[in-house]
There are 2 protein chains.
Amino acid sequence: MISIKKIFGNPRHIILYGLFMAILVFILKWLQWKYLITDNSSDIYIGLIAVFFTLLGTWIATQLAKPKIQTVIVEKEVYLTRPGEVAINETELKNLNLTTREYEVLQLLTQGYTNAEVAEKLFLSLSTIKTHVSNLFVKMDVKNRTQAVEKANRLRIMPQAN
Amino acid sequence: MISIKKIFGNPRHIILYGLFMAILVFILKWLQWKYLITDNSSDIYIGLIAVFFTLLGTWIATQLAKPKIQTVIVEKEVYLTRPGEVAINETELKNLNLTTREYEVLQLLTQGYTNAEVAEKLFLSLSTIKTHVSNLFVKMDVKNRTQAVEKANRLRIMPQAN
DNA sequence: TGAACTTTGGTACTAAAGTACGAGTGCAAG
DNA sequence: CTTGCACTCGTACTTTAGTACCAAAGTTCA
């Protein structure tokens, strides 16, 4: 479709074709007149026509030839990542305004340690831990340690949350 | 290179070409003899030659022409999960051998609900929840709910762990 | 059908968590 | 210097969590 339109729909091609035909006719007539009596005339005549139309056919074919479309499918690996995996934690952490001690306690809380265990690990008394934990709950806006752990994991605050 | 070899290197093509030429010569001679005295003879003669060599040129061109290949690259997205991100949870979950009820309770536990709240949500008594929770701890090999939440998050067992 | 498991629920008790309030110490900024 | 904050610790109390043991009803499967 496109190729036919390319050849016959383009006015320049028609003009070129006409010119070639005219030139050919002139050449043929001249040859015909020159070798009128000669025996070779028809052979040369036919030969020229043959060459010309062979070239014409070649040209038409190249114009008509539709390009073969080769489809190459490239597999692109897309990794599924959860939105905001590591980036958020710093921001959210600052919003909570936790003190360093509270953050330490929270880390141990999220690891499943009891208040007594946390106290032992930090060389503090149980009551101190309870105070820190209570303050943590207020700052984190939660009611118990389980919610605190859930929230810490959700906000990706803790470093070892993998 | 290949195309030339295709045409002239193949004996069958040469034979076909020779046959076509012979037939053409016969047709032409026959026409020449039949319309020898007629004035139209040369016109028909030329016309036939033109048609034949146009077709020949077309055929040669199609044989010689390197196929125009238009390459279309299509990106196919292959979704992958990073190793150990989501895939493991099914395996780990089965290893725990939790019952459906226990899993339901665990889901609510990891969301920070107290036993009383879980009981209310599941329309069960507090003692039933305590039983399920105790069995959970045994199966999960933990000592309290905080450790259970930590382990559930670590093993990526819960669906809403994002 | 019987055994094993699940689900539900209860009582009694201990342990841990959590709240409320107070208070002392040290440190840094206004 | 004093004010505020972080950190520490204590007591008293309530609430929740967790354990132990038991038991009934339902389900599943060989």
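Residue numbers start from 1 in every chain, and the chains themselves are labelled A, B, ... in the order their sequence lines are given, proteins ahead of strands. Values reported hereafter were calculated over all heavy atoms of this structure, with side chains retained and with hydrogens, waters and symmetry mates removed.
- Contact record, B:Glu102 with B:Leu136: O-CD1, 3.6 Å, taken as the closest heavy-atom pair.
- The hydrophobic clustering, which links ILVMFWY residues whose side-chain heavy atoms are closer than 4.5 Å, places A:Leu106 and A:Val118 together.
- In terms of modelled atom types and a separation under 3.5 Å, the side chain of B:Thr110 and the main chain of B:Gln107 share a donor-acceptor contact.
- Of all heavy-atom pairs spanning A:Glu117 and A:Gly112, the tightest one is OE1-O, 4.3 Å.
- Comparing the start and finish of the helix from C:dT1-D:dA30 to C:dG30-D:dC1, five pairs each, the helix axis swings through 50°, to the nearest 10 degrees.
- Put simply, A:Met158 and A:Leu109 are part of the same group of oily side chains (I, L, V, M, F, W, Y) that touch within less than 4.5 Å, one to the next.
- Of all the heavy atoms in B:Tyr103 and B:Leu98, the pair that sits closest is CD1-CD1, 4.3 Å.
- Scored by the side chain to side chain contact (heavy atoms under 4.5 Å, CB included) test, A:Gln147 finds A:Val142, A:Lys143, A:Asn144 as partners (sequence neighbours excluded).
- When all heavy atoms are compared, the tightest approach of A:Lys130 to A:Asn115 is CG-ND2, 4.1 Å.
- As judged by a 4.0 angstrom heavy-atom cut-off over every strand, A:Leu126 is placed among residues making no nucleic acid contact.
- Residues of residues 127-146 of chain B having a heavy atom closer than 4.0 Å to DNA chain C, listed by number: B:Ser127, B:Thr128, B:Thr131, B:His132.
- Qualifying salt bridge (Lys or Arg N to Asp or Glu O under 4.0 Å) partners for A:Lys121, counting only residues two or more places apart in sequence or in other chains: none.
- Read 5' to 3', the first and last nucleotides of DNA chain C with an atom closer than 4.0 Å to a heavy atom of chain A are C:dA17 to C:dT19.
- Considering every non-hydrogen atom in both B:Arg145 and A:Thr146, the closest pair reads CD-OG1, 3.2 Å.
- Chain A approaches DNA chain D within less than 4.0 angstrom (heavy atoms of the protein), and the contacting nucleotides run 5' to 3' from D:dA6 to D:dT11.
- Both A:Leu108 and A:Leu96 belong to a common hydrophobic cluster when Ile, Leu, Val, Met, Phe, Trp and Tyr are linked at side-chain heavy-atom distances under 4.5 angstrom.
- Proximity of a side-chain donor or acceptor of B:Thr128 to a complementary backbone N or O of B:Leu124 within less than 3.5 Å is not detected.
- Comparing A:Leu109 and B:Asn97 along DNA chain C, the residue whose closest nucleotide (by nearest heavy atom) sits nearer the 5' end is B:Asn97.
- At least one donor-acceptor pair closer than 3.5 Å links the side chain of B:Lys151 to the backbone N or O of B:Met140.
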